[in-house]
Amino acid sequence: MRLGLALGYWGRGPDPAHLALATEAERLGYSSVWTAEAWGSDAFTPLTWIAAHTSRILLGTAVAQMAARSPTATAMHALTLDHLSGGRMMLGLGLSGPQVVEGWYGRPFPASPLTATREYVDVVRQVLRREAPVALEGRFHSHPYLGPDATGLGRPLRPITHPLRADLPLLLGAEGPRNVAQTVRIADGWLPLYWSPLRTGTFREALADLPEGFVIAPMARAHVCDDVAEGLLPVKAMLGFYIGGMGHAARNFHADLMARMGFAEEARRVQELFLAGRRKEAVLAVPDAFADEISLVGPRARIAERLEMWRRGPVTDLLVTAPDPHTLRVLADLNA
């Protein structure tokens, strides 16, 4: 199991510790570093900055949102950074949910998310292969565009720039069982949002026929500390926000996933409290058991014991969100 560093997206402003953490991760032998985006900082610019200050560590987006860019624009970002970094780019994509797609990007959430994802991946792959002009008669991502308001002047094009790698790794963030199963068929890897080594059966059917080399790279908060309950508070704060605020009460993919993992009543309670404006209560209502299962928090010996559980499952890459270099060093030592 390889280790990666997940830096996420910025909050109010850039985190001055991110570059130092990325360079320390490379020094320690971490395999990869990952950035994300929500509705603030983008995923590609910070990753480019990190690429300029490193030489070996792989560079991934976990995730870049599909609604933010057309598939050809995303492919341009990926092939450009792949060239500039000497072939270190990994493209992680996610569809996001209706709240973000319609509220932030100002476009309709696709009526068929699986079809929209499949078409998006198809176009990106065509750009990277550069075998022919990009062409797709699709429901969501037709190339050329042939909608009722089209001029009729569009024609298929292939990228001017030759991609460095036609097989640049493409991974998908997926949560629903059908979405995960499709990810196994069309992508090179899967980026689970929550992963519990105690509940691998949640995804057993979807992961039944993994192709050779398929990457499974969940994110997990890691923090070496004496007080487990205190160390779990940032995990619970993240869960409270995602389960309560990253979606609508009637349609929240994160809450649905928590329910499938055995915490249905708790997920509903977190949602109710968060949507009622009682955010601190919502965070405290997140079960310690769930937060603990999906993270690595506590003294070194406790983390070492729990890391063994992660190694025994199908996870190929553990992407840790770690607040300090000491935690990165401890994990590198334990995973050696």
Side-chain angles (χ1 to χ4, degrees), residues 1-8 15 17-36 50 53-60 62 88 90 92 169 171 189-203 207 210 213-239 261 286-336:
M1 186 178 70
R2 296 176 292 260
L3 292 178
L5 170 65
L7 295 174
D15 189 328
H18 277 184
L19 182 58
L21 286 171
T23 54
E24 178 67 0
E26 180 174 69
R27 188 188 72 79
L28 291 168
Y30 277 59
S31 173
S32 56
V33 59
W34 303 74
T35 57
I50 292 167
H53 291 82
T54 56
S55 59
R56 299 182 308 278
I57 197 165
L58 301 177
L59 310 157
R88 291 189 280 151
M90 296 180 292
L171 302 89
W190 174 40
L191 296 162
L193 181 60
Y194 313 138
W195 178 270
S196 167
L198 302 177
R199 301 174 191 271
T200 57
T202 305
F203 304 103
L207 301 177
L210 291 179
F214 189 82
V215 173
I216 299 178
M219 283 181 276
R221 169 83 174 186
H223 189 196
V224 178
C225 59
D226 294 327
D227 190 327
V228 174
E230 184 178 346
L232 287 175
L233 284 176
V235 184
K236 295 176 66 166
M238 176 274 292
L239 288 168
M261 294 177 75
V286 174
D288 283 2
F290 183 58
D292 197 26
E293 285 183 23
I294 66 170
S295 59
L296 288 162
V297 172
R300 178 190 173 105
R302 185 177 194 268
I303 289 178
E305 180 182 332
R306 299 177 74 82
L307 193 61
E308 286 301 318
M309 294 191 298
W310 289 77
R311 286 201 193 96
R312 287 196 293 267
V315 171
T316 62
D317 295 74
L318 176 59
L319 311 184
V320 298
T321 60
D324 60 274
H326 175 63
T327 295
L328 291 181
R329 288 192 286 271
V330 168
L331 284 171
D333 184 43
L334 293 175
N335 200 55

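Atom CG of residue Leu191 and atom CG of residue Leu171 lie 5.0 Å apart, to the nearest 0.5 angstrom. Separating the CD atom in Glu305 from the CG atom in Leu296 is a distance of 11.5 Å, to the nearest 0.5 Å. Within the model, atoms CZ of Arg199 and CD of Glu293 stand 4.0 Å from one another, a figure rounded to the nearest 0.5 Å. Annotation: the span from Leu331 atom CG to His326 atom NE2 amounts to 9.5 Å, rounded to 0.5 Å. Of the inter-residue distances, the one linking Trp310 atom CH2 with Ile294 atom CD1 reads 7.5 Å to the nearest 0.5 angstrom. Annotation: the span from Asp324 atom CG to Leu21 atom CG amounts to 8.0 Å, rounded to 0.5 Å.
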**Derivation of the salt bridge (charged side-chain N to carboxylate O under 4.0 Å, His left out) call for Arg27 and Glu24** = CA-CA 5 Å; Arg27 188 188 72 79; Glu24 178 67 0; 2.8 Å; yes
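Looking at Arg306, its side chain does come within 3.5 Å of a backbone N or O of Asp292 through a donor-acceptor pair. Counting only distance, with no hydrogens or angles, the side chain of Arg56 and the backbone of Glu26 share a donor-acceptor pair below 3.5 Å. For the pair Thr54 (side chain) and Thr23 (backbone), a donor-acceptor distance under 3.5 Å is absent. In this structure, the side chain of Asn335 engages the main chain of Met1 through a donor-acceptor pair within 3.5 Å. Remark: side-chain polar atoms of Arg2 are not paired, donor with acceptor, to backbone N or O of Ser31 under 3.5 angstrom. A donor-acceptor pair under 3.5 Å links the side-chain atoms of Arg88 to the main chain of Ile57, judged by distance alone. Of the possible donor and acceptor atoms, none in the side chain of Tyr194 sits under 3.5 Å from a partner among the backbone N and O of Met261. The backbone N or O of Val224 lies less than 3.5 Å from a partner atom in the side chain of Thr327, making a donor-acceptor pair.
When side chains are defined from C-beta on, Leu28 does not count as touching Leu3, because their heavy atoms never get closer than 4.5 Å. In this structure, Arg221 and Pro323 have side chains that are in contact, with non-hydrogen atoms separated by less than 4.5 Å. Contact check for Asp317 versus Ile216: no side-chain heavy atoms found under the 4.5 Å cut-off. Using a 4.5 Å cut-off on side-chain heavy atoms (C-beta onward), Leu328 and Val320 make contact. Side-chain atoms of Leu7 and Asp15, non-hydrogen and from C-beta on, never get closer than 4.5 Å to each other. Considering only heavy atoms from C-beta on, Arg300 comes within 4.5 Å of Leu334 through its side chain. Pro314 has its side chain out of reach of Phe214: every pair of non-hydrogen atoms, C-beta onward, lies at least 4.5 Å apart.
Looking at residues two or more places apart in sequence or on another chain, you find a ring pair (Phe, Tyr, Trp, His ring centres under 6.0 Å) between Phe203 and Trp190, Trp195.
Of all the heavy atoms in Ala62 and Ala36, the pair that sits closest is O-CB, 3.3 Å. Taking every heavy atom of both residues into account, Ala220 and Leu318 meet most closely at CB-CD1, 3.9 Å. The two atoms that bring Gly231 and Cys225 nearest to each other are CA-SG, 3.9 Å, heavy atoms only. Nearest approach of Val315 to Pro218, heavy atoms of both residues: CG1-CD, 3.6 Å. Tyr30 and Leu5 make their closest contact through CD2-N, 4.0 Å (heavy atoms, listed as atom of the first residue, atom of the second, distance). Taking both residues in full, the closest heavy atoms of Val33 and Ala22 are given as CG2-CB, 4.2 Å, listed atom of the first, atom of the second, then distance.
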